[in-house]
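When reading the values below, keep in mind they use all heavy atoms of this one structure, side chains included, and skip hydrogens, waters and symmetry mates. Protein chains get the first letters and strands the later ones, always in sequence-line order, with residue 1 at the start of each.
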Amino acid sequence: MPGLVTFRGEGGPLLDLRLIRRDPDAVREALSRRGEADALDGVLALDAECRALRSAVEERRAESTRIAKEIGALKKHGEAVPAGQEDAARALREQTAAEEETLRDAEARRDALMLALPNIAEAAAPDGGEEDAVELRRVGDIPVFPGGVKDHVELAEAIGGLDLERAARTSGSRFAYLMGPLVRLQMALVSWAVDVVTAEGFTPVIPPVLVREEALVGTGFFPADRSAVYATADDDLFLVGTSEVPLAALHQDEILDEASLPLRYAGISSCFRREAGAAGRDTRGIFRVHQFDKVEMFSFTTPEESAAEHLRILGIEESILQQLGIPYRVVDVAVGDLGASAARKFDCEAWMPGQERYREVTSCSNCTDYQARRLRARTKRGKETVPVHTLNGTAVAVGRTLIAILENHQQPDGAVVVPACLRAYGAPEVLGPS
RNA sequence: GGAGAGGUGGCAGAGCGGUCGAAUGCGGCGGUCUCGAAAACCGUUUCGGGCUUCACGGUCCGACGGGGGUUCAAAUCCCCCCCUCUCCGCCA
């Protein structure tokens, strides 16, 4: 496909530069909620510099073209070129080259700053940091275990489904061998989830999990979260932490027909995370591991539809947890805890009896036009070309969902009753200790 | 991995140093004709950015896979990279 493009020379708008110019105070205030207000003034100063330089450079280029055309016309008609005209043109060009260098440099610095700015949060998103997420609701009854609670490691090992020690020997900490009955359970879970989201209009996709840097920049993981991503040693490829990355990049550099929106995809993939900076946290079991599998929903919508799509995705996530019989709560994540690309994020946290608290199992974000700008995924609005909106949400994060199933549905004898919806997909009714 | 051929507008496909953002065909859009439609005919149809405008618009710059170079002048010449295709090798 010859239309496949690598990188655009002159680059598209990132955070809407025009919006920044028109109303810098509003943007500054929005960014200050995320502690990034200062970065804006650097951008504004550089932008003014870039525009002044660009005007000057373009005038010179116009002059150069004019002279070149004159010379061309003369030569074409066999007439003599006035003495010194070519020398003058050369001198002008050399002058311009120096200015172009300055312009390129200024624009590169401006773009580097722009690339580091996070998205502007929705006004309704709560202020604050990690502790300031607002609980929206709790659904499902928390199970009680008079005879005592086992956590997922005990339960999984007892049924021959997990080997952590050998995984550590093979690959280090935060890896697992998932085995036997848990493999069957995972496969059922994935197949079922794919059916559920397919019924909701999401096209299943198995995407590449190794991607170029551009896809990670485009989705906002770079430069902000670079340390979380595995890089390959001999190739310029990176292992994705979520299929959101290749799904977003699916329509990179495209102008989508508005009538085709929303476009909905469900990525099925392994996910890889370095978990740098998480040392010592959640070290037990498979709650926080370097590799896990996930079914991920991803939507491209018009700007008007994204907020509704966000709630729709959240609804699907909740429906999945309800069908699995997992008690959960929904939280509205505070601005300071959003990823760079998100304008609003809802997490579903499942009750984990082994930890006696709610922990994140799914998450859905509205990235508005942030990723679309970076990836140049657009649609036509009359004569205008506008960025689309992108959203992503977890259908099933397999590892954490397995934990929630095991721990919530455990029996006094250590057996686990499998949710009914999975039985048609090849899961046994009960996982019994061997 | 080795050898070769290529990458041009939504698609097909010319152009191979000057007035080319780019012939032609198809498709799309608008119109004429028609009760309506088809056909025919006429017109129109890329993207990004700067300046200017309340706006409609105007004007200039850039882009022929990406980046760099040669030249007064590059889609056209040179170098590097990316991608596609064919053959060979290897492989699930």
Visitor: What pattern of brackets, bars and dots sums up RNA chain B from 5' to 3', given Watson-Crick or G-U wobble pairs under 3.5 Å, [ ] for crossing pairs and | for another strand?
Guide: ((((((((.[[[..)..(.....]]]((((((.......))))))(((((((....))))))).[[[[[..)....]]]]])))))))....

Visitor: Any pair with a residue in residues 298-310 of chain A that passes salt bridge (Lys or Arg N to Asp or Glu O under 4.0 Å), sequence neighbours left out, goes on the list, sorted by first then second residue, please.
Guide: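 Listed once each, the pairs are Arg264(A)-Glu309(A), Glu304(A)-Arg381(A).
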
Visitor: Between U34(B) and A40(B), how many Å separate the two C1' atoms, rounded to a whole number?
Guide: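 Result for the C1' pair: 12 Å, nearest Å.
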
Visitor: Taking atom C1' in both C77(B) and C16(B), compute the distance separating them and give it to the nearest angstrom.
Guide: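 Rounded to whole Å, the distance is 9 Å.
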
Visitor: Nucleotides 59-61 of chain B: which of its N/O atoms have a protein N/O under 3.5 Å away?
Guide:
| residue | atom | partner | partner atom | Å |
| --- | --- | --- | --- | --- |
| C61(B) | O2' | Arg61(A) | NE | 3.2 |
| C61(B) | O2' | Arg61(A) | NH2 | 3.2 |

Visitor: Please report the distance, rounded to the nearest Å, between CG in Leu53(A) and P in G49(B).
Guide: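 In whole Å, G49(B) P and Leu53(A) CG are 18 Å from each other.
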
Visitor: Indicate, with a heavy-atom threshold strictly under 4.0 Å, whether Leu92(A) touches base, sugar-phosphate, or nothing.
Guide: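 The answer is nothing, as Leu92(A) stays clear of every strand by at least 4.0 Å.
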
Visitor: Answer with yes or no whether the side chains of Glu59(A) and Ser55(A) bring together a donor and an acceptor at under 3.5 Å.
Guide: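 No, Glu59(A) and Ser55(A) have no side-chain donor paired with an acceptor closer than 3.5 Å.
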
Visitor: What's the CD-C1' distance between Glu254(A) and G65(B), to the nearest Å?
Guide: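 From Glu254(A) CD to G65(B) C1': 15 Å.
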
Visitor: Using the C1' atom in both, what is the distance from G89(B) to C78(B), to the nearest Å?
Guide: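 Pairwise C1' distance, G89(B) against C78(B), rounds to 32 Å.
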
Visitor: Provide the full list of ring pair (Phe, Tyr, Trp, His ring centres under 6.0 Å) pairs with a residue in residues 160-188 of chain A, sequence neighbours left out, each pair given once.
Guide: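 Ring pair (Phe, Tyr, Trp, His ring centres under 6.0 Å) check on residues 160-188 of chain A returns Phe175(A)-His290(A).
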
Visitor: Ring pair (Phe, Tyr, Trp, His ring centres under 6.0 Å): which pairs involve residues 23-74 of chain A, sequence neighbours left out?
Guide: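 Sorted pair list comes back empty.
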
Visitor: Between U52(B) and A38(B), how far apart are the two C1' atoms, rounded to whole Å?
Guide: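 Here U52(B) and A38(B) have their C1' atoms 47 Å from each other.
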
Visitor: For the pair Glu214(A) and Arg376(A), find out whether any cationic side-chain nitrogen is under 4.0 Å from an anionic carboxylate oxygen.
Guide: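 Arg376(A) and Glu214(A): salt-bridged.
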
Visitor: Under the ring-ring contact (aromatic ring centres under 6.0 Å, His included) rule, collect the residues that match up with Phe222(A), sequence neighbours excluded.
Guide: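 Testing Phe222(A) for ring-ring contact (aromatic ring centres under 6.0 Å, His included), a comparison that skips the adjacent residues, returns Phe238(A).
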
Visitor: Salt bridge check: are Glu49(A) and Arg109(A) linked by an N-O gap of less than 4.0 Å?
Guide: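 Yes, charged N to carboxylate O under 4.0 Å.
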
Visitor: Could you state the CG-C1' distance from Leu256(A) to C47(B), rounded to the nearest angstrom?
Guide: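 It works out to 15 Å between those atoms.
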
Visitor: Please tell me which of the listed nucleotides, G48(B), C51(B), C82(B), lies nearest to the side chain of Arg51(A)?
Guide: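 Among G48(B), C51(B), C82(B), the one nearest the side chain of Arg51(A) is C51(B).
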
Visitor: In this structure, how many angstroms lie between the P atom of A63(B) and the CZ atom of Arg376(A), rounded?
Guide: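 For the pair Arg376(A) CZ and A63(B) P, the rounded distance is 17 Å.
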
Visitor: Considering only the C1' atoms, how many Å lie between C26(B) and C35(B), rounded to the nearest integer?
Guide: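 Nearest-Å result for C26(B) against C35(B) at atom C1': 31 Å.
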
Visitor: Let me know the distance between CD of Glu100(A) and C1' of G67(B), rounded to the nearest Å.
Guide: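 Taking CD of Glu100(A) and C1' of G67(B), I get 15 Å after rounding.
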
Visitor: Test of understanding: with ring-ring contact (aromatic ring centres under 6.0 Å, His included), list the residues that count as partners of Phe346(A), not counting sequence neighbours.
Guide: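 For Phe346(A) the ring-ring contact (aromatic ring centres under 6.0 Å, His included) partners, ignoring immediate neighbours, are His310(A).
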
Visitor: Using heavy-atom distances to pick each residue's nearest nucleotide on RNA chain B, tell me which of Ser55(A) and Ala73(A) is more 5'.
Guide: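 The answer here is Ala73(A).
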
Visitor: Has Lys380(A) got a side-chain N or O lying under 4.0 Å from the OP1 or OP2 atom of C47(B)?
Guide: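 Yes, Lys380(A) has a side-chain N/O under 4.0 Å of OP1/OP2 on C47(B).
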
Visitor: Strictly under 4.0 angstrom, non-hydrogen atoms only: write out the protein contact profile of nucleotides 68-78 of chain B, one letter per nucleotide from the 5' end, B, S or -.
Guide: ---BBS-----

Visitor: I'd like the P distance from G7(B) over to G17(B), given in whole Å.
Guide: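 The same atom, P, in both gives a distance of 16 Å.
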
Visitor: I'd like to know if Glu360(A) and Lys345(A) make a salt bridge, using a cut-off of under 4.0 Å between side-chain N and carboxylate O.
Guide: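 Judged by the 4.0 Å cut-off on N to carboxylate O distance, Glu360(A) and Lys345(A) do not form a salt bridge.
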
Visitor: Does any pair with a residue in residues 30-39 of chain A pass side-chain hydrogen bond (donor to acceptor under 3.5 Å, both in side chains), and if so which ones, sequence neighbours excluded?
Guide: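 Sorted pair list: Arg33(A)-Asp127(A).
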
Visitor: Could you state the CG-P distance from Leu103(A) to G48(B), rounded to the nearest angstrom?
Guide: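 Those two atoms, CG and P, are 19 Å apart.
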
Visitor: Taking ring-ring contact (aromatic ring centres under 6.0 Å, His included) as the test, write out the residues that go with His251(A), two or more places apart.
Guide: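 Here the qualifying residues are Tyr265(A), Phe300(A).
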
Visitor: Using atom P of each nucleotide, how far apart are A5(B) and G9(B) to the nearest Å?
Guide: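 Result for the P pair: 22 Å, nearest Å.
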
Visitor: Just how far, in rounded Å, is P of G66(B) from CG of Asp253(A)?
Guide: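 Going from Asp253(A) (CG) to G66(B) (P), I get 10 Å.
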
Visitor: Work out how far the P atom of A14(B) is from that of G67(B), and round it to whole angstrom.
Guide: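 One P to the other, the span is 25 Å.
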
Visitor: Against Arg60(A), only a single residue in Glu94(A), Glu99(A), Glu100(A) fulfils salt bridge (Lys or Arg N to Asp or Glu O under 4.0 Å); can you say which?
Guide: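 Testing each of Glu94(A), Glu99(A), Glu100(A) against Arg60(A), the sole residue satisfying salt bridge (Lys or Arg N to Asp or Glu O under 4.0 Å) is Glu99(A).
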
Visitor: Using the 3.5 Å cut-off, write out each protein N or O paired with an N or O of nucleotides 53-57 of chain B and the distance between them.
Guide:
| residue | atom | partner | partner atom | Å |
| --- | --- | --- | --- | --- |
| G57(B) | OP1 | Lys383(A) | NZ | 2.4 |

Visitor: In terms of side-chain heavy atoms, does Lys294(A) have a donor or acceptor partner in Thr242(A) at a distance below 3.5 Å?
Guide: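 Result is yes, a qualifying pair exists.
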
Visitor: Are a donor atom and an acceptor atom from the side chains of Asp347(A) and Ser363(A) found within less than 3.5 Å of each other?
Guide: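 There is such a pair between these side chains.
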
Visitor: Can you list everything that forms a side chain to side chain donor-acceptor pair (under 3.5 Å) with Asp23(A)? Sequence neighbours excluded, please.
Guide: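 So Asp23(A) forms no side chain to side chain donor-acceptor pair (under 3.5 Å) with any residue.
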
Visitor: Just how far, in rounded Å, is P of C81(B) from CZ of Arg212(A)?
Guide: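 Distance, rounded to whole Å: 14 Å.
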
